[in-house]
Amino acid sequence: MDIIDTIDKYYKENGIHSLKFTCPHKSECSFNCQNFTGPRSAFVPDKYTNSYPRITFLSLDPGDGDPDPKKRTPEAMRRQEQRDRIVEKLPKGRHWYETHFWTQQIYNAISSNNISLEETKNYFCHLNSAKCCQNKPNSKEANIILFRNCRKYLPQELRIIAPQILITQGHQAHEAVKDIF
């Protein structure tokens with residue numbers, strides 16, 4: 001079974017799949033938030049399980065969420081990020097560009113194969129410590145309640161993803177990992 005199928009199944013079984021959103025914290029996390037969108041899946045490229053090293057980035061919350069749940073599924077994230085995204089066109093110095101840049105730096109430092117910046121999208125996994133999104137202006141960080149409620153999902157997500165290198169991006173992501181380990 002492909003890792004993306006395993007993560008898809010895990011999300012569905014736990015109510016945090018964009019197409020089967022039954023999370024018990026939904027009303028608490030979306031309270032007074034007009035722009036709330038449900039969970040966005042991890043980005044897992046098709047070459048991730050065969051790559052060395054398996055690099056995973058754990059970020060904060062999605063920052064912005066597409067209102068269409070079909071665009072937040074594991075397969076949709078793979079298609080959007082791995083097949084449709086042109087890394088070279090990302091704004092330099094911004095979060096998503098930097099994630100690709102650091103993947104390239106790490107991968108090329110430890111592997112005998114040098115990869116281009118464009119190729120990095122094939123070699124890292126990305127997940128968020130908060131699955132849902134409050135869609136705050138300018139991608140401001142979500143309320144703390146989202147991070148606290150989602151922490152219970154991270155240990156199994158990490159077991160499924162099985163990173164060899166885990167990089168946290170932001171305080172809430174760091175705290176979530178500290179709680180796990």
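- N14 contributes no side-chain N or O that, together with a main-chain N or O of I16, makes up a donor-acceptor pair within less than 3.5 Å.
- S18 is not listed as a side-chain neighbour of K71, based on a closest heavy-atom distance of 4.5 Å or more.
- Side-chain contact of Q82 with D46: a donor-acceptor pair under 3.5 Å is present, judged by distance alone.
- Note on M77: it does not cluster hydrophobically with I7, by side-chain heavy-atom contacts below 4.5 Å among ILVMFWY residues.
- Applying the 6.0 Å contact sphere to CZ of R83 captures more than 12 heavy atoms from other residues, nucleotides or ligands.
- For the atom pair C150 SG and L127 CG, the distance stands at 11.0 Å (nearest 0.5 Å).
- Counting heavy atoms from C-beta outward, R54 and I165 have side chains that stay 4.5 Å or more apart.
- Counting only distance, with no hydrogens or angles, the side chain of S129 and the backbone of L60 share a donor-acceptor pair below 3.5 Å.
- Here the closest heavy-atom approach between residue H100 and residue T120 is recorded as CD2-OG1, 3.0 Å.
- In this structure, N143 CG and C132 SG are separated by 12.5 Å, a value rounded to the nearest 0.5 Å.
- By the criterion of side-chain heavy atoms lying less than 4.5 angstrom apart, applied directly or through intervening Ile, Leu, Val, Met, Phe, Trp or Tyr residues, I160 is not grouped with F43; the two fall into different hydrophobic clusters.
- Scanning for side-chain hydrogen bond (donor to acceptor under 3.5 Å, both in side chains) contacts around K47 gives an empty result, with sequence neighbours left out.
- A continuous path of ILVMFWY side-chain contacts below 4.5 Å connects L117 to I55, so both sit in one hydrophobic cluster.
- Closest approach of F36 and N135 over heavy atoms only: C-ND2, 4.2 Å.
- For T99 and H126, the side-chain atoms include no donor-acceptor pair closer than 3.5 Å.
- The residues E81 and R78 are annotated as not salt-bridged, no charged nitrogen and carboxylate oxygen being separated by less than 4.0 angstrom.
- Contact of the F57 side chain with the T103 side chain is registered, since non-hydrogen atoms from C-beta on lie closer than 4.5 Å.
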Trace of the side-chain contact (heavy atoms from CB on, under 4.5 Å) decision for Q134 with L146: CA-CA 9 Å; Q134 293 179 328; L146 271 75; 3.3 Å; yes
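- Side-chain contact between Y11 and E157 is present, with heavy atoms from C-beta onward closer than 4.5 Å.
- Interatomic distance, K20 NZ to T73 OG1, rounded to the nearest 0.5 Å: 15.0 Å.
- Contact annotation: the side chain of I167 never approaches that of T56 to less than 4.5 Å [non-hydrogen atoms, C-beta and beyond].
- Shown here for P45 and K121, the closest heavy-atom pair between the two residues is CB-O, 3.4 Å.
- In this structure, Y97 and P91 approach most closely via the heavy-atom pair CB-O, 3.2 Å.
- Rounding to the nearest 0.5 angstrom, the gap separating the CG atom in L166 from the SG atom in C125 is 9.5 Å.
- By the side-chain hydrogen bond (donor to acceptor under 3.5 Å, both in side chains) test, E13 is found to be paired with no residue, residues two or more places apart in sequence or in another chain being considered.
- We find the CZ-CZ distance between R72 and R40 to be 9.5 Å, quoted to the nearest 0.5 Å.
- F124 has its ring centre less than 6.0 Å from the ring centre of W96.
- Residues D61 and E141 have side chains in contact (heavy-atom distance under 4.5 Å, counting atoms from C-beta outward).
- Side-chain contact, R151 with Q172: a donor N or O sits under 3.5 Å from an acceptor N or O.
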Can you check side-chain contact (heavy atoms from CB on, under 4.5 Å) on N128 and L58, steps first, answer last? CA-CA 5 Å; N128 291 298; L58 175 63; 5.7 Å; no
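- Aromatic ring orientation, Y123 versus Y107: tilted (interplanar angle from 30° to 60°).
- For the residue pair C29 and N149, the shortest heavy atom distance occurs at SG-ND2, 3.2 Å.
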message = Set out, in order, the CA-CA distance, both residues' side-chain angles and the distance that settles side-chain contact (heavy atoms from CB on, under 4.5 Å) for H25 and K152, then state yes or no.
response = CA-CA 12 Å; H25 305 291; K152 68 181 181 181; 3.5 Å; yes
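- With salt bridges taken as basic N to acidic carboxylate O contacts below 4.0 Å, none links D5 and K9.
- Residues K70 and A76 share a closest heavy-atom pair of O-CB, 3.2 Å.
- Remark: I180 CD1 to Q156 CD distance equals 11.0 Å, nearest 0.5 Å.
- A single hydrophobic cluster is seen to contain both F181 and Y153, as judged by linkage of ILVMFWY side chains at heavy-atom distances under 4.5 Å, directly or through other members.
- Looking at heavy atoms from C-beta onward, D179 lies out of side-chain contact with L154 at the 4.5 angstrom threshold.
- Counting heavy atoms from C-beta on, the side chains of I86 and E118 come closer than 4.5 Å.
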side-chain contact (heavy atoms from CB on, under 4.5 Å) assessment of I4 paired with E75: CA-CA 7 Å; I4 203 166; E75 186 55 44; 4.1 Å; yes
